[in-house]
Structures are given as C-alpha cells and as structure tokens.
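Scroll down for the structure; my scribbles are underneath it.
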Protein chains: 2
Amino acid sequence: MATVLLFVAMPDYDGAVTQATNSGAATVPTRRGRGEKSSPTIYDIAKLAGVNPSTVSRALSKPGRVSAKTQKIIEDAAEQLNYRVNPFARALPTGRTQTIGLIVADITNPTFFDIIRGAETTGSARDYTLVLAESAESPETELTAARRMLSTVDGLILASPRMDDEQIRALASDKPVAVINREVDGVPCVVPDVNKGISQAVRSLAANGHHQLAFVAGPPLSWMSRRRWEGVQAACDWYKLGAVRLESSKPTVDGGRQAARDVLGSGATAVITYNDLLAIGLMQELQAAGVRVPDQISIVGFDDIFGADFTTPALTTVRSPLGECGSRAAALLLDMFLGNEGPVGVVRVDTELVVRGSSGRLIA
Amino acid sequence: MATVLLFVAMPDYDGAVTQATNSGAATVPTRRGRGEKSSPTIYDIAKLAGVNPSTVSRALSKPGRVSAKTQKIIEDAAEQLNYRVNPFARALPTGRTQTIGLIVADITNPTFFDIIRGAETTGSARDYTLVLAESAESPETELTAARRMLSTVDGLILASPRMDDEQIRALASDKPVAVINREVDGVPCVVPDVNKGISQAVRSLAANGHHQLAFVAGPPLSWMSRRRWEGVQAACDWYKLGAVRLESSKPTVDGGRQAARDVLGSGATAVITYNDLLAIGLMQELQAAGVRVPDQISIVGFDDIFGADFTTPALTTVRSPLGECGSRAAALLLDMFLGNEGPVGVVRVDTELVVRGSSGRLIA
DNA sequence: GACAATCTGTCAACCGGTTGCCATCTATTG
DNA sequence: CAATAGATGGCAACCGGTTGACAGATTGTC
C-alpha cells in the first residue's frame with residue numbers, strides 16, 4: 001500500500017504572527033556541521049525572554065492566556081531566534097498532529113488530482129497537512145490503510161470508498177471522517193449531484209437524434225458508479241431513449257479499449273461512461289476500428305479530468321467539481337475539529353455538461 | 001506554498017516481523033469512545049512480557065541486542081497487543097523521522113508524477129514516507145520550502161530545482177540532498193542523458209525530409225531546458241539541420257498554444273519542445289489554424305507524460321525515465337542515511353525516442 | 001576453581017512541547 | 001482599607017520511545 005503525505009503548509013511557528021521580518025541577511029542562524037544540536041526550543045525563548053517555558057508555550061499556542069506585554073516579549077524573542085515549533089514534540093502529548101488523511105483508489109488516476117488539490121488548499125489555509133494513501137480499488141487495502149492512518153492523523157477523508165458502510169461508520173466513531181462520492185448514513189458526505197449533468201447530457205444526445213444509449217459502468221463496488229447508472233436510466237426514461245448497461249474490467253483507458261467491442265455489439269449510438277479514462281480508451285479503440293466519433297457514435301465521459309481535451313475530438317463530459325468536493329470535505333473535518341458535531345448530512349455539489357467534440361448529431 | 005506528504009508505507013511496527021496474524025475476528029482491540037487512551041505502548045508490552053520497557057525498545061529496533069528468547073517473547077506480546085510504534089515518540093529523541101522530502105515545481109504537472117511514484121516506491125521499500133512540496137517555479141518559494149522541510153525530514157530530493165547551485169550546496173551541507181534533472185557540483189544528481197533521445201529524434205526528422213527545426217524552450221531558470229537546447233543544437237549540427245530557439249511563456253499547454261505563432265513565423269517544419277505539455281498545446285493551436293500534423297509540421301515532445309498518447313495524432317516524444325530518476329534519487333538518499341558518503345557524482349539514465357503519429361514525412 | 005570477557009537486561013535521563021494545579025499579583029467592590 | 005474574584009506566571013508531571021551507563025549473569029580460559 002502506498003501512502004502519500006501532502007504537507008500543505010508549514011506555519012511559521014504556530015500559525016499566529018505569520019509576518020516574518022526579512023530584516024537581516026538571509027542567513028540561517030544555526031548552521032551546524034554534522035547533526036549537532038538543532039533548532040531553538042521554547043526553553044531558549046524562555047531564557048531569552050526571562051520567563052518560564054510553560055509561559056512561552058502558552059504565549060505561542062493559547063491566545064489570551066498570557067498578558068499582552070509578556071506575549072510581545074516572547075514573540076519578539078521567538079522571532080529573533082527564528083523559532084519553529086517541533087511538530088513531533090507537540091504531537092506527542094496532545095495527540096493533535098495537524099494532519100488530515102485522504103484515501104484515494106489510485107494515485108495515478110487524474111480524477112483524484114483535483115480532490116487532492118482541493119483538500120490540500122483548504123487544509124493549508126488552516127495549517128493542516130494532507131496525508132495521502134492509496135487503496136488500489138481493494139476494500140481490504142483501504143481498510144488497512146485507513147486504520148493505520150487513523151492513529152497518525154486528526155481526521156480522515158475517504159474519496160470513493162470501496163468498503164462497507166458499517167466499516168466506515170466504525171472508523172468514524174474513532175475520529176472525524178468525511179466521505180466523498182458516496183452517501184453513508186451517520187457520516188458527513190460530499191456528493192456531486194449527478195442528475196443535472198446527466199440530464200443535460202441525455203437531453204443533448206436525444207436532441208441530436210440518438211435513440212439507444214449504452215452506459216459503461218465502473219468498479220462494481222463503486223457507489224458512484226451505481227448512482228450514475230441510476231441517473232442515466234432515469235434520464236433515458238424521461239427523454240425516451242433505450243439504455244443498456246455494460247461492464248468494464250477496470251476504470252482506466254485500457255478498460256475503455258476493452259469495452260469497445262461490447263459497445264459496438266450493443267447497437268447503441270451514444271455512450272456515457274463511468275469516467276473520462278474509460279471514455280478516452282473507448283474512443284481510441286473505436287476510432288482505430290474505423291468508427292467515426294461523433295458521426296457514428298457519440299461519447300460522453302465523466303469528471304472532466306486533465307487531458308480530457310487532448311483528444312480529437314475533444315471529450316464531451318459531465319464535470320464534477322472535484323476540487324470543490326475535496327475542499328468541502330476538508331472543511332467538514334476542520335469544522336469537526338472545532339468541536340462542531342454539527343449536521344452530519346450530505347453536502348451536494350452541482351455537476352454540469354461540458355460539450356466538446358465527441359458528442360453530436362448522429363449521421364446515419 | 002503547498003507541501004505534499006507521501007506517506008509511503010507504514011511498517012507494522014518497525015518493519016520487522018511483518019506478518020500479522022488475522023487470527024481473531026477483525027475487531028479493533030482498543031475501541032475508545034471519545035479521545036481516551038489510545039494505542040498500546042512499549043510499556044504495555046513490557047508488562048505483558050515481564051521485562052523492562054527499554055528491553056522492549058531494543059528488541060523492536062536493535063536486532064541482536066537482546067537474547068533470542070526474550071526477543072521472541074516480546075514479539076509475541078507486541079503482536080498480541082497489535083502494537084504499532086508511535087512515529088512521533090520515536091522522532092522526538094532521535095531526530096530520525098523516516099521521511100524523505102521531495103520538492104517539485106508544480107504538483108499538477110504530470111511530468112512529476114512518475115518521479116513522485118518512483119521515489120515513493122523506493123522509499124516505501126525501506127519504510128520511508130515521502131513528503132512533497134511545491135515551488136511554483138519560484139526560486140524563493142523553493143528555498144523557503146526546502147528550509148522548512150529540512151527540519152522535518154531525513155533527506156531531501158529536489159526535482160528540477162530553480163535555485164542557485166550555491167543554495168543547493170548549503171542545504172546539502174545540512175542534511176542529505178539529491179538532485180534530479182540538474183547537475184550540481186558536490187551534490188549527488190540523477191540526470192537523464194538527453195543526447196541519445198535527441199539524436200534519435202533529429203535523425204528521424206532529418207530522414208523524413210526536414211531541414212529547419214525549432215526548439216520551444218522551457219523556464220529560463222531550468223537547467224534542463226538549457227541542456228536540451230544544447231543537445232538539439234549539437235544534433236542539428238551533426239545532421240545538418242538549421243535550428244532556432246523560441247521562448248515560451250510557461251511550460252504548460254497554454255504556453256504551447258501561445259508559442260504556435262512564433263513557430264509558424266520561424267519557418268521550421270519540425271519542432272521539438274521542452275516538454276510534452278508545450279507540444280500538446282502547440283499541436284492543438286496549429287491544428288486549429290489548419291496546419292496538418294505531421295504532414296506540414298512534425299512535433300516532438302519531451303518526457304512522455306500521461307496523456308501524451310491521447311492526442312490525434314499521438315505525440316512523438318523523447319521519453320525520460322522519470323520513474324527511474326525518482327527511484328534512483330531516493331536510493332541515493334537511503335544510501336547516505338546508512339552513512340555511505342559515497343560517490344557524490346552524477347547518475348545518468350538513458351532517454352529514448354518514442355515514435356508516434358505527430359512526427360513524420362514532410363509533405364511539401 | 002578463580003578471573004576475565006562477553007551478554008543481557010535495568011535504571012534513569014532525555015527529546016520538546018503541553019497542561020492541571022497552585023501561588024502571586026492586580027483590580028474590583030463594599 | 002479590607003476582602004475577594006480574576007488574571008497571570010511558575011512548577012512539575014506527562015506523552016512514548018531511545019540510549020548511555022552499569023550491574024548481574026553467563027561463558028570461556030588457564
């Protein structure tokens with residue numbers, strides 16, 4: 001299992017008083033040859049400021065606990081010494097690590113990229129570090145990773161979890177947990193509302209003369225794959241299109257190529273895939289087989305990942321605001337850290353159709 | 001500044017005895033409601049095994065320091081309690097954090113993805129966590145990030161650094177540092193040898209009837225951009241092609257689009273770009289302007305990133321073994337951790353041309 | 001069997017912050 | 001002016017491992 005840690009932002013020393021004067025030359029004060037004594041500690045500050053170390057600790061982390069005068073003296077001393085808290089020393093007694101865990105199915109999948117970015121940005125704003133781990137689409141690996149992480153982080157974000165609702169709730173009973181791309185009772189979730197985007201896609205396809213649509217599904221354990229299929233079915237019902245569901249071996253470009261055969265066999269003239277990777281692979285394979293896109297078959301992906309507009313024709317896709325999902329999930333966690341048990345409901349974000357060249361009028 | 005931490009692999013408790021028996025049910029032994037007492041400690045093990053905590057510590061981290069018998073007893077106890085070391089507690093007295101820092105110019109640039117992967121995989125094998133930070137192409141940001149990271153990691157990898165050689169050496173005098181995509185005297189470096197790949201590219205272009213070539217450069221501070229341009233010049237000399245160097249505003253798809261105008265103005269029929277992102281943007285813009293690729297203009301990128309084969313035609317590119325670079329750099333660091341000051345020379349890895357559809361015979 | 005060399009486990013100090021409790025000191029009020 | 005509440009700083013214990021120093025046990029040697 002691979003785990004990635006996104007060190008979002010290292011606070012100057014505590015997130016307070018962030019303005020560091022660039023007064024002197026840009027020299028590092030403590031230049032030590034080998035591995036001798038390292039950075040200044042609160043004890044050094046205490047000595048310099050003529051107070052007790054505990055007072056320094058309070059001045060730097062408990063706003064208002066010390067008098068304004070002492071506060072100032074200590075802050076000056078801290079700045080003079082170029083003090084940085086030792087995160088390990090802080091984490092030891094408190095258990096607070098200033099980190100948020102994020103588990104994704106596959107680090108190399110660009111879909112997760114925006115989620116990571118979003119979570120990182122929001123965490124960063126509050127001096128939280130993001131730790132990434134990978135589940136490789138396996139519920140077991142995911143659970144193991146989650147358990148291990150949980151001891152090291154203050155909270156956990158699960159992007160597209162593959163494990164049971166029950167297991168997720170168990171984790172959530174231990175530390176704050178937020179879920180993306182899935183609804184789990186009793187756990188705060190951030191879920192793109194696919195209906196709008198799917199409606200737009202199917203309406204557009206119907207308007208372009210399509211009558212039979214195929215949906216290439218994602219991983220069987222993916223809640224979101226089921227959800228998208230339901231959305232496609234509902235929209236097809238409404239717009240009077242036939243809809244058929246096809247399996248994919250894996251939610252990648254390669255999986256998309258492999259699905260081409262089934263798509264052709266299905267007789268559908270329009271395809272919506274579980275994600276963009278599948279759409280791209282499918283388009284490549286169809287074009288290689290001489291099928292013209294979109295003249296003969298229209299293709300619509302999901303997510304609008306990096307590279308979706310590299311293809312010719314560029315990929316039409318239902319964009320999920322992945323960055324917002326990551327950001328919202330992180331915000332939920334940050335909220336819970338503050339003690340707000342708050343609403344554990346579902347946060348919904350909107351999806352929208354991005355029309356590019358891979359979908360269009362059916363030329364019979 | 002954004003910093004990402006790649007938590008590569010969390011060892012079972014110390015990397016030794018990794019087989020965890022899945023004996024009982026999959027219940028978490030310490031189920032605590034709120035934030036009560038957490039995981040088992042070496043003190044718990046000591047009590048259970050009837051020895052002193054320090055003996056437990058030694059048994060778990062200093063192989064051979066305790067008798068085989070005691071070792072066994074302690075390991076059994078540790079397993080029974082499902083013990084995991086507390087990384088914070090360990091880092092505090094030792095300073096060893098089991099982490100490697102990696103600074104890249106841009107987290108969203110897929111070029112760095114393979115480097116990250118490579119470093120992560122290699123670090124992972126030795127139970128090291130990877131910490132990522134972003135420099136946003138700024139030497140100042142990079143230096144700040146590097147300084148901050150340095151106090152938290154055991155060693156640092158700089159992928160495509162933008163700061164001075166001098167600054168890099170200063171960092172390296174503090175803790176182990178390895179550099180990728182650049183040569184810095186006195187610091188271990190991993191550098192793709194671009195000559196082979198460029199030679200292949202230029203030879204192939206010459207053979208296809210091209211006489212005038214343009215190189216679209218990358219960031220001015222990029223050592224590798226200069227190096228590639230030198231390689232292109234040398235190869236063009238050899239194969240008797242004219243070569244002209246064009247600037248780009250930024251090394252992205254957008255920068256590539258903007259460069260299209262200059263490319264057309266240069267009269268070149270073949271283009272090599274600093275990286276694939278530029279090549280893709282350039283190709284999009286040229287095609288939009290009605291230029292046929294590769295019939296009128298051949299395009300060759302650099303790196304072979306994710307998505308390079310999404311385009312139509314697929315992108316011909318000089319592949320750098322980025323994954324290997326990351327992996328090698330991490331290996332260098334791990335070596336230095338073991339006390340091997342070793343050779344601080346340059347590790348060279350090979351590049352090769354990947355011929356796809358965007359380059360070919362010039363059709364006048 | 002006496003004595004040295006080697007093993008093995010224990011003691012205690014330490015890493016650098018945090019925090020409950022208490023002693024002062026100051027300010028407010030009667 | 002005395003009594004009292006609140007603000008402020010100090011003391012010391014603690015978080016969970018690590019490690020140098022040392023003593024007791026074991027083994028080997030002559």
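Side chains are part of it too, since the values below use all heavy atoms of this structure and drop only hydrogens, waters and symmetry mates. Bear in mind that the values here come from a model prediction, so they are computed numbers and not experimental data. Letters A, B, ... are given to chains in the order of the sequence lines, protein chains preceding strands, and every chain is numbered from 1.
Salt-bridge formation is not detected for the pair B:K72/B:E75: no Lys NZ or Arg NE/NH1/NH2 atom is positioned less than 4.0 Å from an Asp or Glu carboxylate oxygen. Here A:E120 pairs with A:R117 in a salt bridge; the nearest charged N to carboxylate O distance falls below 4.0 Å.
Positionally, the nearest nucleotide of DNA chain C for B:P93 lies more toward the 5' end than for the other of B:P93 and A:P53. Between B:A89 and B:R58, the one whose closest nucleotide on DNA chain C sits nearer the 5' end is B:R58.
In summary, the side chains of A:R84 and A:N82 do present a donor paired with an acceptor at a separation below 3.5 Å, with no hydrogens or angles considered. A donor atom on one side chain and an acceptor atom on the other are not found under 3.5 Å apart for A:T99 and A:T129. No donor-acceptor contact under 3.5 angstrom links the side chains of A:S138 and A:S135, judged on distance only.
The OH-P distance, from B:Y43 to C:dA12, rounds to 13 Å in whole Å. Taking atom CG of A:N86 as the reference point, atom P of C:dG16 lies 7 Å away to the nearest angstrom. Computed from coordinates, the A:R65 CZ to C:dC22 P distance equals 14 Å when rounded to whole Å. The distance from atom CD1 of B:I45 to atom C1' of D:dG16 is 11 Å, rounded to the nearest whole Å. The nearest whole Å value for the distance from the CD1 atom in A:I73 to the P atom in D:dT8 is 13 Å. Between the CZ atom of A:R90 and the C1' atom of D:dG16 there is a distance of 18 Å, rounded to whole Å. Between B:K47 atom NZ and C:dT10 atom P there is a gap of 15 Å when expressed in whole angstrom units. When the P atom of C:dC14 is taken as reference, atom CG of B:L92 falls 14 Å away, rounded to whole Å.
Using a 4.0 Å cut-off, some side-chain N or O of A:S57 falls inside it from OP1 or OP2 of C:dT18. A close approach under 4.0 Å does not occur between any side-chain nitrogen or oxygen of B:R96 and OP1 or OP2 of C:dC15. The phosphate of D:dG17 (OP1 or OP2) has a side-chain N or O of B:Y83 nearer than 4.0 angstrom.
Nearest to the side chain of B:I42, among D:dG17, D:dG9, C:dG17, sits D:dG17. When distances are taken from the side chain of A:T70 to each of D:dT8, D:dG17, C:dG9, the shortest belongs to D:dT8. Residue B:K62 places its side chain closer to D:dT19 than to any other of C:dG17, D:dG10, D:dT19.
Within 4.0 Å of A:F88, counting heavy atoms only, lies no atom of the nucleic acid at all. When heavy atoms are screened at a 4.0 angstrom cut-off, B:S67 is found touching the sugar-phosphate backbone but no base atom. Within 4.0 Å of A:V51, counting heavy atoms only, lie sugar-phosphate atoms of the nucleic acid but no base atom. Nucleic acid contact for B:T55: base, since at least one base atom lies under 4.0 Å from a heavy atom of the residue. Looking at heavy-atom distances under 4.0 Å, A:S54 makes contact with a base.
Aromatic ring pairs are classed by plane angle as parallel below 30°, tilted from 30° to 60° and perpendicular above 60°; the pair B:F88 and A:F88 is tilted.
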